[in-house]
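Working notes, beginning with the structure itself.
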Amino acid sequence: MDNIPTEPAIIDLPKFLDRRGSLSFIEQGLHIPFDIARTYWVYDVPGGEKRGGHAYRQNQELIVALSGSFDVVLTNAKGERRVWHMNRSYYGLYVPNMWWRELENFSTNSLALVVASTPYNSDDYIRDYAQYLTCRKEGRNGG
Ligand code: TYD
């Protein structure tokens with residue numbers, strides 16, 4: 001996709017609620033601004049633990065709290081820190097590439113679903129915040 005959104009955003013996913021329960025879904029081409037290459041999920045996170053602590057050069061993600069709750073903390077190169085408390089299965093947080101990203105404050109039995117735009121590639125990670133800042137300021141992401 002040529003026009004990659006640069007701002008994080010909550011995406012309101014479809015939800016079908018009836019007396020039998022609730023159902024939501026994500027369909028490529030309809031609900032997210034990228035093609036899906038990969039899905040992973042984070043679970044059994046011990047109390048107080050954090051995940052993430054990196055940025056992706058290319059990878060974009062949609063993060064959904066399928067169960068329980070957690071915070072997604074995104075920081076940009078200006079040092080602006082934004083926190084989303086994820087606790088609904090019908091909201092997805094779109095995370096553009098090149099945002100510093102942390103997941104924390106996991107509730108017991110929480111389950112984070114992540115839909116990703118690229119296959120796993122360790123070279124796509126920027127794990128050093130100073131390096132992230134340098135890349136952003138120079139307008140490059142190595143991709
Ligand atoms: P990592 O992305 O570092 O976890 P987090 O950002 O939540 O702290 O992934 C942890 C490990 O899992 C990493 O060493 C590689 C592996 N991994 C894969 O093999 N494939 C994947 O799609 C992901 C997300 C991780």
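When a ligand or atom number is given, it counts from 1 through the structure's own listing order. Just so it is clear, the structure is predicted and the values come from calculations on it, not from any experiment. Numbers for residues simply follow the sequence, beginning at 1.
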Please work out which of the three classes, parallel, tilted or perpendicular, describes the rings of Phe25 and Phe16, given edges at 30° and 60°. parallel
Taking side chain as C-beta onward, heavy atoms only, is Ser22 less than 4.5 Å from Leu17? yes
Which protein non-hydrogen atom lies closest to atom 7 (O) of ligand 1, naming both residue and atom, and how far is it? Arg51 NE, 3.0 Å
Counting only nitrogen or oxygen atoms and a 3.5 angstrom limit, does Arg38 reach ligand 1? yes
Flag the pair Glu102 and Arg81 as a salt bridge only when some basic side-chain nitrogen lies within less than 4.0 angstrom of an acidic carboxylate oxygen. no
By the definition side-chain contact (heavy atoms from CB on, under 4.5 Å), identify the one residue from Ile126, Asp124, Asn97 that meets it with Asn141. Asn97
Regarding atom 6 (O) of ligand 1: of the candidates Lys50, Glu49, His54, which has the closest heavy atom? His54
Protein contact of atom 3 (O) of ligand 1 - nearest heavy atom, named by residue and atom, plus distance: Arg127 NH2, 3.1 Å
Starting from atom 9 (O) of ligand 1, find the nearest protein heavy-atom neighbour and note its residue, name and distance. Tyr125 OH, 4.3 Å
Any protein heavy-atom neighbour for atom 11 (C) of ligand 1 (distance below 4.0 angstrom)? no
For Gln60, is there any backbone N or O sitting under 3.5 Å from a side-chain donor or acceptor partner on Ser117? yes
If we number the atoms of ligand 1 from 1 as shown, the ones under 4.0 Å from a heavy atom of Tyr40 are 24 (C)
Considering only protein heavy atoms, which is closest to atom 15 (C) of ligand 1, and at what distance to one decimal place? Tyr120 OH, 3.2 Å
Between Ser69 and Asn87, do the side chains contain an N or O donor and an N or O acceptor separated by less than 3.5 Å? no
So which heavy atom in the protein is nearest atom 8 (O) of ligand 1, and how far is it from that ligand atom? Gly52 N, 3.0 Å
Quick one: does Arg38's side chain have a donor or acceptor within less than 3.5 Å of a partner on Thr118's backbone? yes
